[in-house]
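One structure below.
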Amino acid sequence: VQPVESGGGLVQAGASLELSCVVSGPTFRDSAMAWFRQAPGKEPEFITCISSNGLSIYYADSVKGRFTIARDNAKNMVSLQMSNLKPDDTAVYYCAASPRSWAAVPSDYAYWGQGTQVTVSS
């Protein structure tokens, strides 16, 4: 199981950006997926997750109402649509997979991608 993120970049405050994550391996449709982010000098932040069937979703308060997670099990892909971006959203964003079908605990995510940088200028 190997997640690979794409879609990061430099945007201005208020803009939107979509991140994508493609996951290799046959178990994607059985895996809960999550996005984490890590800003410079800070601990990783668990921002959102989605169950294997897409019916259960969690958002951290910091992104609720602005970010949307979705998955396409036919394409082994999970996405993160980010809107109304703020400078505080600047971080490396990581996609992660869990061997569980639902996982709202960060430690349940065993497989991580390399990350993609998102920079929001003011």
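Source: prediction; values computed, not measured. The figures here come from the full heavy-atom set of this structure, side chains too, leaving out hydrogens, waters and symmetry mates.
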I need the [X] [atom1] to [Y] [atom2] distance, nearest 0.5 Å.
{"X": "S83", "Y": "D89", "atom1": "OG", "atom2": "CG", "result": "9.5 Å"}
{"X": "E43", "Y": "Q38", "atom1": "CD", "atom2": "CD", "result": "7.0 Å"}
{"X": "E18", "Y": "S79", "atom1": "CD", "atom2": "OG", "result": "5.0 Å"}
{"X": "C21", "Y": "W112", "atom1": "SG", "atom2": "CH2", "result": "11.5 Å"}
{"X": "R29", "Y": "N53", "atom1": "CZ", "atom2": "CG", "result": "11.5 Å"}

Using modelled atom types only, decide if a donor and an acceptor are shared between the side chain of [X] and the backbone of [Y] within a distance under 3.5 Å.
{"X": "S31", "Y": "P99", "value": "no"}
{"X": "N76", "Y": "G25", "value": "yes"}
{"X": "E5", "Y": "G115", "value": "yes"}
{"X": "S98", "Y": "D108", "value": "yes"}
{"X": "R71", "Y": "G54", "value": "no"}
{"X": "Q81", "Y": "T68", "value": "no"}
{"X": "Y58", "Y": "A34", "value": "no"}

Is there side-chain contact between F36 and P106, with heavy atoms separated by less than 4.5 Å?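 Answer yes - side chains close enough.
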Is any side-chain heavy atom of R37 closer than 4.5 Å to one of S62?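 SC-SC contact between S62 and R37 confirmed.
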Contact summary for A91 and A39, nearest pair of heavy atoms: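 Scanning both residues completely, I find the closest heavy atoms to be CB-N, 3.8 Å.
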Determine whether the side chains of Q117 and T119 contain a donor N or O and an acceptor N or O closer than 3.5 Å. yes
Using a cut-off of 6.0 Å, state whether more than 12 heavy atoms not belonging to Q2 lie near its atom CD.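 Yes.
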Greater than 12 external heavy atoms within 6.0 Å of R100's CZ: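 No, the 6.0 Å shell around CZ holds no more than 12 heavy atoms from other groups.
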Connected hydrophobic set around L17, excluding itself, where side chains approach under 4.5 Å: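 Members besides L17, by chain and number: V1, V11, L19, V23, F28, M33, W35, I47, I50, I57, Y59, V63, F67, I69, V78, L80, M82, L85, Y93, Y111, V118, V120.
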Tell me, which pairs form a salt bridge (charged side-chain N to carboxylate O under 4.0 Å, His left out) where one or both residues lie in residues 111-122, sequence neighbours left out?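 For residues 111-122: none.
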Qualifying residues under ring pair (Phe, Tyr, Trp, His ring centres under 6.0 Å), relative to W102, sequence neighbours excluded: none
